[in-house]
Amino acid sequence: MKPTIRTLRACVLGCLLAFGAAASATDIEVLHWWTSGGEAKAASQLKAILESKGYVWKDFAVAGGGGENAMTVLKTRVVSGDPPAAAQIKGPSIQEWGAEGVLASLDKVAQVEKWDSMLPKVVADVMKYDGRYVAVPVNVHRVNWMWVNPSVFKQAGVEVPRTWADFPKAAEKIRAAGFVPLAHGGQPWQDFTVFESIVLGVGGADFYRKSLVELNQDALRSKTMEQAFDILASLRADIDPDAPNRDWNQATAMVINGKAAMQLMGDWAKGEFTQAKSQYECYPAPGTDGAFTFNVDSLVMFEQSKADVTQGQLVLASAVLSPGFQKVFNLAKGSIPVRTDLKMDDFDACAQKSAADFKAAAQAGKLVPSIAHQMAVPAATAGAMQDVVTQFFNSPDASSADAVIRLAQAAKVR
Ligand code: GAL
């Protein structure tokens with residue numbers, strides 16, 4: 001039989017995978033920050049699939065929610081000429097690393113497996129540098145969620161607040177019933193996570209895009225942004241005094257244990273609920289029904305000098321997008337598969353809602369990238385803006401009118 005382009009292409013990957021599977025004891029070092037209960041379970045699925053292909057998973061876990069610590073450690077390794085094979089890097093940072101000329105192309109796999117038609121365009125675009133795939137997406141997390149312990153609400157005799165106008169009354173009743181209204185960990189990225197959901201709830205998706213993605217100065221200095229700071233300030237009364245420095249998963253544990261009523265956090269929190277087999281409910285963050293802040297985890301591959309490691313990277317990239325992996329990983333992680341052609345039957349109601357809302361929000365123009373999770377603007381800009389938000393939240397006397405000016409100035413940092 002004369003080989004067609006299609007059979008040749010299939011062979012390129014097939015031969016590659018076969019070769020990869022036969023490779024003996026090649027280490028593939030993977031940098032990530034998945035260390036909480038649910039995250040570690042998800043990471044173990046990644047390890048399992050890599051090892052099933054005959055490679056050795058070399059774990060490079062750097063604890064610290066949101067990944068700031070991991071990114072600092074990564075820079076040191078790359079600067080010293082010893083990058084890991086793969087690293088969890090997201091959003092515009094992929095472009096920044098691409099510009100450094102240190103990333104490996106995944107096009108060999110991407111073309112054969114037709115990633116362009118398999119992935120939502122909004123995701124595929126982020127994974128490419130200069131037209132080539134340099135990263136493989138793992139999942140889609142939704143950030144604008146509110147996690148709820150239904151029994152706490154029942155005991156407090158109050159409905160779950162669906163708008164910021166309803167929030168203070170509900171919080172008051174929850175407090176009066178002896179619970180902490182809002183579980184929170186006082187770390188800058190957690191403050192920023194809450195803040196972006198408030199901005200989305202107060203101003204809607206168009207305002208969010210204008211202010212936190214396009215960094216429009218008028219939007220940043222607007223009354224709407226001031227109102228978002230006012231709401232953030234009001235939440236100081238709804239968290240407990242031990243919040244400073246608490247990790248996000250310890251805050252989730254407060255909801256799990258029935259100490260707190262709610263947590264505003266992305267759906268990696270669901271990994272903790274399912275791991276603990278505890279009851280939970282999910283609601284879009286107040287005022288954000290129909291809108292969706294996305295946060296796509298992805299693995300970026302760094303150029304390597306050893307051919308067997310380079311091949312291992314392609315094998316890993318292919319495995320990450322396989323239907324079986326997408327299911328087991330995302331069931332543990334709390335996210336949804338990044339492939340839109342997979343059935344959601346085995347996922348819980350929150351994931352099913354997330355998948356439906358992702359599509360609907362994309363069509364309605366209400367799908368926006370998370371700024372707190374490095375999807376929206378360059379890391380230096382996001383960092384400067386995060387500093388403003390966290391300083392404001394931790395200074396009870398700070399004024400919202402000043403905060404919007406400082407936020408607008410921080411948005412100019414590159
Ligand atoms: C996000 C990341 C998630 C989860 C979370 C908490 O930035 O995308 O996968 O790890 O931080 O660490």
Side-chain angles (χ1 to χ4, degrees), residues 9-23 26-32 34 42-60 74 78 83-91 93-95 97-98 102-140 296-330 333 335 337-342:
R9 277 179 157 188
C11 178
V12 172
L13 185 65
C15 304
L16 186 85
L17 294 182
F19 184 79
T26 296
D27 283 1
I28 302 293
E29 189 178 27
V30 184
L31 170 90
H32 63 93
W34 292 327
S44 74
Q45 302 293 350
L46 193 57
K47 174 179 177 186
I49 195 152
L50 186 69
E51 299 204 333
S52 76
K53 308 278 176 194
Y55 288 85
V56 177
W57 166 272
K58 195 168 168 202
D59 198 42
F60 186 3
L74 175 66
V78 180
Q88 186 190 349
I89 298 179
K90 304 187 298 181
S93 292
I94 296 175
Q95 304 303 312
W97 282 109
V102 288
L103 301 187
S105 169
L106 300 175
D107 272 356
K108 265 190 200 156
V109 181
Q111 279 166 13
V112 173
E113 295 185 348
K114 300 197 171 60
W115 288 8
D116 274 347
S117 46
M118 186 201 286
L119 300 172
K121 189 170 176 335
V122 68
V123 175
D125 286 348
V126 179
M127 302 299 133
K128 292 179 187 173
Y129 174 72
D130 210 11
R132 294 176 312 148
Y133 276 98
V134 291
V136 58
V138 182
N139 59 1
V140 178
V296 176
D297 285 317
S298 47
L299 293 176
V300 167
M301 309 289 170
F302 283 88
E303 252 171 23
Q304 300 287 315
S305 52
K306 293 185 185 148
D308 54 345
V309 178
T310 304
Q311 262 165 356
Q313 291 173 318
L314 297 177
V315 170
L316 177 61
S318 168
V320 159
L321 282 175
S322 64
F325 173 78
Q326 284 285 309
K327 183 171 150 188
V328 289
F329 180 86
N330 286 303
K333 191 74 170 69
S335 38
V338 68
R339 290 177 64 147
T340 45
D341 59 343
L342 301 180

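All residue numbers in this chain count up from 1 along the given sequence.
Annotation: ring-ring contact (aromatic ring centres under 6.0 Å, His included) contacts of Phe325 (sequence neighbours excluded): Phe329.
Between atom OH of residue Tyr55 and atom CG of residue Leu50 there is a gap of 8.0 Å, rounded to the nearest 0.5 Å. Atom OG1 of Thr310 sits about 8.5 Å away from atom CD1 of Ile28, to the nearest 0.5 Å. In this structure, Leu321 CG and Lys114 NZ are separated by 14.5 Å, a value rounded to the nearest 0.5 Å. If you take NE2 on His32 and NZ on Lys47, they are separated by 10.0 Å, rounding to the nearest 0.5 Å. For the atom pair CG (Leu314) and CE (Met301), the distance works out to 8.0 Å, reported to the nearest 0.5 Å. Atoms OG and CD, on Ser322 and Glu113 in that order, are 8.5 Å from each other to the nearest 0.5 Å.
Side-chain atoms of Leu46 and Val138, non-hydrogen and from C-beta on, never get closer than 4.5 Å to each other. By the 4.5 Å heavy-atom criterion applied to side chains, Phe302 and Leu103 are counted as neighbours. Side-chain atoms of Val102 and Pro83, non-hydrogen and from C-beta on, never get closer than 4.5 Å to each other. Side-chain atoms of Leu299 and Gln313, non-hydrogen and from C-beta on, never get closer than 4.5 Å to each other. Inter-residue side-chain proximity for Asp297 and Lys333 is flagged as met; some heavy-atom pair is nearer than 4.5 Å. Contact check for Asn139 versus Val338: no side-chain heavy atoms found under the 4.5 Å cut-off. Contact check for Glu29 versus Val309: no side-chain heavy atoms found under the 4.5 Å cut-off. Proximity of Met127 to Trp115: side-chain heavy atoms (C-beta onward) are nowhere separated by under 4.5 Å.
The minimum heavy-atom distance between Val126 and Ile94, with the atom names listed, is O-CD1, 3.6 Å. Nearest heavy-atom pair, Val320 versus Val136, reported as atom, atom and distance to 0.1 Å: CG1-CG2, 3.8 Å. Residues Ser298 and Lys90 approach most closely at OG-CA, 3.9 Å, considering heavy atoms. Summarising the geometry of Pro337 relative to Asn330, their closest heavy-atom pair is CA-ND2, 3.3 Å, with the distance given to 0.1 Å. Scanning both residues, Val123 and Pro137, for their nearest heavy atoms gives CG1-CB, 3.8 Å. Across all non-hydrogen atoms, the minimal contact from Leu119 to Ala124 is CB-CB, 4.3 Å.
The salt bridge (Lys or Arg N to Asp or Glu O under 4.0 Å) contacts involving residues 128-137 comprise Asp116-Lys128, where partners must be two or more places apart or lie in separate chains.
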>> Working note: Asp308 + Lys306, criterion salt bridge (charged side-chain N to carboxylate O under 4.0 Å, His left out); need CA distance, chi angles, decisive distance, verdict.
In response: CA-CA 6 Å; Asp308 54 345; Lys306 293 185 185 148; over 6 Å; no
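Residues Tyr129 and Trp97 keep their aromatic ring centres 6.0 Å or farther apart.
No donor-acceptor distance shorter than 3.5 angstrom exists from the side chain of Gln45 to the backbone of Gln326, with no hydrogens or angles considered.
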